[in-house]
2 protein chains.
Amino acid sequence: MKNKRHSIKDIAAALNVSVTTVSFVLNGKAREKRISEEVTKKVLDYAKSINYKPNQLAQSLRTGRSKIIVVMVEDISNYFFSKLARIIEDIAYDKGYKVLFCSNENKDERSRDLINLFRERQVDAYVIVPSPGIQQDIAELVSDDIPVVLFDRYFPEIETNYVIIDNSEAVHKASQHLVDNSYKNIGFITISSSQTQMEARQRGYREAMQANNLKEFVLEVPFYEKNIEKVKELIKEYIAAQGLDAIFFATNYLTQIGLEVIRESYPEKINEMGIITFDDNDLFKIYFPPITAVSQPLEEIGEELMTTVLKMLKNASDKPYKNQKILSASLIERNSSFPNKSRA
Amino acid sequence: MKNKRHSIKDIAAALNVSVTTVSFVLNGKAREKRISEEVTKKVLDYAKSINYKPNQLAQSLRTGRSKIIVVMVEDISNYFFSKLARIIEDIAYDKGYKVLFCSNENKDERSRDLINLFRERQVDAYVIVPSPGIQQDIAELVSDDIPVVLFDRYFPEIETNYVIIDNSEAVHKASQHLVDNSYKNIGFITISSSQTQMEARQRGYREAMQANNLKEFVLEVPFYEKNIEKVKELIKEYIAAQGLDAIFFATNYLTQIGLEVIRESYPEKINEMGIITFDDNDLFKIYFPPITAVSQPLEEIGEELMTTVLKMLKNASDKPYKNQKILSASLIERNSSFPNKSRA
DNA sequence: ATGAAAGCGCTAACAC
DNA sequence: GTGTTAGCGCTTTCAT
């Protein structure tokens, strides 16, 4: 039972009508084109009976639209991105779009390869977490009138739509929370990177320390250090040297390594030190102690991203849709940032 | 600078040669078709200068191949699947294929919608974690000679390629590990589901208990119970009622809920009870105590999946490639499954 | 109310 | 060696 694919032509032939008629009917233009009830029904019934599926490739070739949106993130296996992917996927399918997810590993070359790949495929729009050096490539997409929305970070120098969160405000507030809970020597572990979101997070921390007349302790882990053991060593020394009573981890990834270091080298400190992480994760709430986290509004980001993209897709190039959105993150307070408290 | 897209025709016109020549050159068939060095170079140079990108849609329409592979999993935001996605993505891009990831939420209707969606798009191959009731749909794909590989679970009744792991063996061994560490009342928390992998896991547990003359304590959480609080309640009562000294969680998801219950209701037990989870997660190794986990060989699964798909794609329908692979999971022993041991 | 036909961009058999 | 052309499946203008 090798039911080969049926084309619009097959239907036309079988029903003794023209492809035009079939096309009109199938595209719901029967009324508008004043196709007779009878023919309309005949076509519809037959199409159903053979389980006709239009060839979207041909359709896209003809219309120039592929109904595909690319979502390029740093690493799809990252909790934040994969959760977001799930949300975006739902919205897109709902609107008749498919979503291609891909990871650029924060590398420019890979980002470029991917963008080129998809341009060849006439992808309709791009949602991108840009790697540091692809400003030019993004600018090109924009100038070619291809809908692009950046998120997580962006390029202040070019005119693009983006959805980000107010990183510095979020970190500032979270740092203040530590101060309010009477931690005095608050360390900030981040990566050395000039990405907008990382700079903003560090700024938030520094501002909070200055506002409270506290000393700043920043550890910048080399961005491209792939050797986890080295990173662990750095963090281990840093904790020992500075006499910290609290640590703010600027990324989820660093938190995981940091917690491992604490467990291995300073197990007694896990219940003493104040700990806050940027980006939540399901497992942080069941940790001992539960870890306080700055949580990005995933749903909101996903929705904002998609409404922006869909609006850009709708508005032709004549009246470009502009949307630069800065959302707020929330602080989920858990035991790890409270001293002298029963800390299960 | 709205550089509109260039077509092969544009090139031909600009260079005063035919589209055929251009096509041949661009497809690397210059030698084979004995196009002169001169023309070849001219075309290549010009194509480069205008940054020519072939329209893949047209190409696919013509060749019938889209160079897209669909990977449909239960939930792309799940740790296991998202990590695997990352691995598959890399292999695929390397071989010139793009990958579309999507989540079926283990629902038949959604699975069907997605499959239909992609069939319309002439996707080349499918890698699928099947929802329970889509046996028929899978069988159809197979009978239509469309490459399909199932994984995580499969349908024993139909002849398909698949890559799974030996769930019962893995759980049996891990259960034995608990017995060897002198736990006596070992509970098994799973979901009520007839999926092959879940049945195999439960079988492994039961076999191990029987082999050791130990009593079996199985809790089956209703599969479609979306209310987490209810699930927590079930687990909480179960732990209290059975006097267990160890628990085996059959899925990562249950482990998370279970750990939360323990933290909230039986904090003193976290360091006494033996705990093993199915499927590892980065965070389990930094937990207090670190959680022993049955770990699926992600890389191996990803590679096996992709080599299978690629081979099926290569071998035309004449000599179907057969590969039903059963891999082994490994037990990562951490403190949570050892009693009387310093448990940081 | 329906049909013929052009054309989206590309490939490849065939012609010269 | 290079060009002509049919056709992949569809949409849509124009004709009848």
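What you see is a predicted model, and the numbers here were worked out from it, not measured in a lab. Below, chains carry the letters A, B, ... as their sequence lines are ordered, and counting in each starts from 1.
- Checked by atom type, the side-chain pair B:Asp152/B:Gln195 shows no donor-acceptor distance below 3.5 Å.
- Taking atom NZ of residue A:Lys67 and atom P of nucleotide D:dT11, one finds them 13 Å apart after rounding to whole Å.
- Note that CG of B:Leu61 and CG of A:Asn55 are 6.0 Å apart. Values are rounded to the nearest 0.5 Å.
- With respect to the salt-bridge test (charged N to carboxylate O, under 4.0 angstrom), the residues B:Glu74 and B:Arg110 do not qualify.
- More than 12 heavy atoms of other residues, nucleotides or ligands lie within 6.0 Å of CD in B:Gln324, so this atom counts as buried by the packing criterion.
- Look at CD on B:Glu38: it is 12 Å from P on D:dG1, rounded to the nearest Å.
- Using a 4.0 Å heavy-atom cutoff across all strands shown, A:Lys9 reaches sugar-phosphate atoms only and no base atom.
- Residue A:Phe24 places its side chain closer to D:dT12 than to any other of D:dT2, D:dT12, D:dC10.
- Shown here are the side-chain contact (heavy atoms from CB on, under 4.5 Å) partners of A:Val99, two or more places apart in sequence or in another chain: A:Val71, A:Ile88, A:Ala92, A:Phe101.
- One atom, CG of A:Asn55, and another, C1' of D:dG7, lie 13 Å apart when rounded to the nearest Å.
- We find that A:Glu109 and A:Lys107 are not joined by a salt bridge, their nearest charged nitrogen and carboxylate oxygen being 4.0 Å or further apart.
- When the C1' atom of D:dG9 is taken as reference, atom CG of A:Leu26 falls 12 Å away, rounded to whole Å.
- For residues 126-156 of chain B, the ring pair (Phe, Tyr, Trp, His ring centres under 6.0 Å) pairs, not counting sequence neighbours, are B:Tyr154-B:Tyr162.
- For D:dG9, the OP1/OP2 oxygens have no side-chain nitrogen or oxygen of A:Gln59 closer than 4.0 Å.
- In this structure, the separation between CG on A:Asn104 and CG on A:Leu114 is 7.0 Å, given to the nearest 0.5 Å.
- For the OP1/OP2 pair of D:dT2 and a distance below 4.0 Å, the side-chain nitrogens and oxygens of B:Ser36 include at least one atom meeting the criterion.
- The pair B:Lys42-B:Glu37 fails the salt-bridge criterion, with no side-chain N (NZ, NE, NH1 or NH2) lying under 4.0 Å from an Asp/Glu carboxylate O.
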Which protein N or O atoms sit under 3.5 Å from an N or O of nucleotides 4-6 of chain D?
unit_1	atom_1	unit_2	atom_2	d
D:dT4	O4	B:Thr20	OG1	2.2

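- Here B:Arg62 pairs with nothing under the salt bridge (charged side-chain N to carboxylate O under 4.0 Å, His left out) rule; sequence neighbours left out.
- The distance from the CD1 atom of A:Ile76 to the CD atom of B:Glu89 is 7.5 Å, given to the nearest 0.5 Å.
- To the nearest 0.5 Å, atoms CG (A:Asn161) and OG1 (A:Thr308) are separated by 6.0 Å.
- A straight line from CG of B:Asn16 to C1' of D:dT2 spans 13 Å, rounded to a whole angstrom.
- Rounding to whole angstrom units, CG of residue A:Leu61 and P of D:dT11 are separated by 11 Å.
- Within the nucleic acid shown, B:Ser7 comes within 4.0 Å of sugar-phosphate atoms alone, with no base atom in reach, counting heavy atoms only.
- Atom-to-atom, CD of A:Glu32 to C1' of D:dT13 comes out at 13 Å; the value is rounded to the nearest Å.
- Along DNA chain D, the nucleotide nearest to B:Ala58 and the one nearest to B:Arg34 differ in position, and the one closer to the 5' end is contacted by B:Arg34.
- For the helix from C:dA1-D:dT16 to C:dC16-D:dG1, the terminal axes (five pairs an end, C1' atoms, rotation from four pairs onto the next four) enclose an angle of 50°, given to 10 degrees.
- As rounded to whole Å, 14 Å separates atom P of D:dA15 from atom NZ of A:Lys33.
- Along DNA chain C, read 5' to 3', the first and last nucleotides having any atom under 4.0 Å from a heavy atom of chain B are C:dC8 to C:dA13.
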